[in-house]
K.L.:
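My structure is below; once you've seen it, I'll send some questions.
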Amino acid sequence: MRIFVVSDTHGDLKNAIELYDRALKGGPVDFIIHCGDFYSDGVRLSEIYGQRVFAVHGNCDGGWGEEFKVAQTPAGNILVIHGHNEDVGFSLESAEYLARREKCAAVCFGHTHRAVIEERNGILFVNPGSTRRPREMNSKGSAAVMTADRDGFAASISYL
């Protein structure tokens with residue numbers, strides 16, 4: 001199973017579409033995860049590609065209070081959050097706690113506009129960065145592709 005993960009599109013899907021089209025060169029995508037800012041962009045991606053999308057609200061959407069989605073895969077469940085409520089810019093501890101509570105083996109999050117793939121205490125954390133306003137030097141935007149099978153998860157970041 002292949003999953004396209006994007007976040008922090010902030011109303012501009014041009015780069016997200018380019019990165020999705022690149023992802024398709026590696027094979028079909030089974031679903032899309034949009035980690036917020038802007039939720040409506042996740043809805044729009046679903047309409048453009050006819051794909052199932054797991055999207056959450058971010059802080060720029062007025063998404064305050066606990067909000068998450070859980071995507072089921074052969075490798076285990078994926079927790080989808082934006083990350084502002086879990087303060088992911090400071091620590092992944094709250095996100096890890098929520099993932100354990102919801103019985104998730106992976107977490108997809110955004111908010112920091114910085115791409116990250118990190119395993120922490122047996123949970124894979126994936127932040128695809130931002131397609132619209134990346135905070136990484138020399139980056140014009142990024143997204144992630146995850147694979148999920150019975151052997152587990154793998155993830156990679158794709159940069160423009």
K.L.:
Please walk me through it: do Thr112 and Asn127 pass side-chain hydrogen bond (donor to acceptor under 3.5 Å, both in side chains)?
P.N.:
CA-CA 8 Å; Thr112 65; Asn127 184 332; 2.9 Å; yes
K.L.:
Holding to salt bridge (charged side-chain N to carboxylate O under 4.0 Å, His left out), I want the full list of residues that pass it with Arg2, two or more places apart in sequence or in another chain.
P.N.:
none
K.L.:
Is there a donor-acceptor pair under 3.5 Å between the side chain of Thr147 and the backbone N or O of Met1?
P.N.:
no
K.L.:
With a 3.5 Å cut-off and no angle check, do the side chains of Asp21 and Tyr49 form a donor-acceptor pair?
P.N.:
yes
K.L.:
Are Val80 and Ile3 connected into the same hydrophobic cluster when the rule is that any two of I, L, V, M, F, W, Y join if their side-chain heavy atoms are below 4.5 Å apart?
P.N.:
yes
K.L.:
Mind checking what makes ring-ring contact (aromatic ring centres under 6.0 Å, His included) contact with His84, not counting sequence neighbours?
P.N.:
Trp64, His82, His111
K.L.:
Using the test salt bridge (charged side-chain N to carboxylate O under 4.0 Å, His left out), find all partners of Asp87 that sit at least two apart in sequence or belong to another chain.
P.N.:
none
K.L.:
Keeping Glu67 on the side-chain end and His57 on the backbone end, is there a donor-acceptor pair under 3.5 Å?
P.N.:
yes
K.L.:
Indicate whether any N or O donor in one side chain lies under 3.5 Å from an N or O acceptor in the other, for Glu102 and Asn77.
P.N.:
no
K.L.:
Going by atom types alone, do Ser130 and Asp8 pair a side-chain donor with an acceptor below 3.5 Å?
P.N.:
no
K.L.:
Would you mind reporting whether Ile33 and Val126 have side-chain heavy atoms less than 4.5 Å apart?
P.N.:
no
K.L.:
Can you tell me if Ser7 and His34 form a side-chain donor-acceptor pair at under 3.5 Å?
P.N.:
no
K.L.:
When clusters are formed from ILVMFWY side-chain contacts under 4.5 Å, directly or step by step, what else is grouped with Tyr39?
P.N.:
Val43
K.L.:
His113: what forms a ring-ring contact (aromatic ring centres under 6.0 Å, His included) with it, not counting sequence neighbours?
P.N.:
His10
K.L.:
Do the side chain of Asn15 and the main chain of Lys140 share a donor and acceptor less than 3.5 angstrom apart?
P.N.:
yes
K.L.:
List the residues meeting ring-ring contact (aromatic ring centres under 6.0 Å, His included) with Phe153, not counting sequence neighbours, and say none if there are none.
P.N.:
none
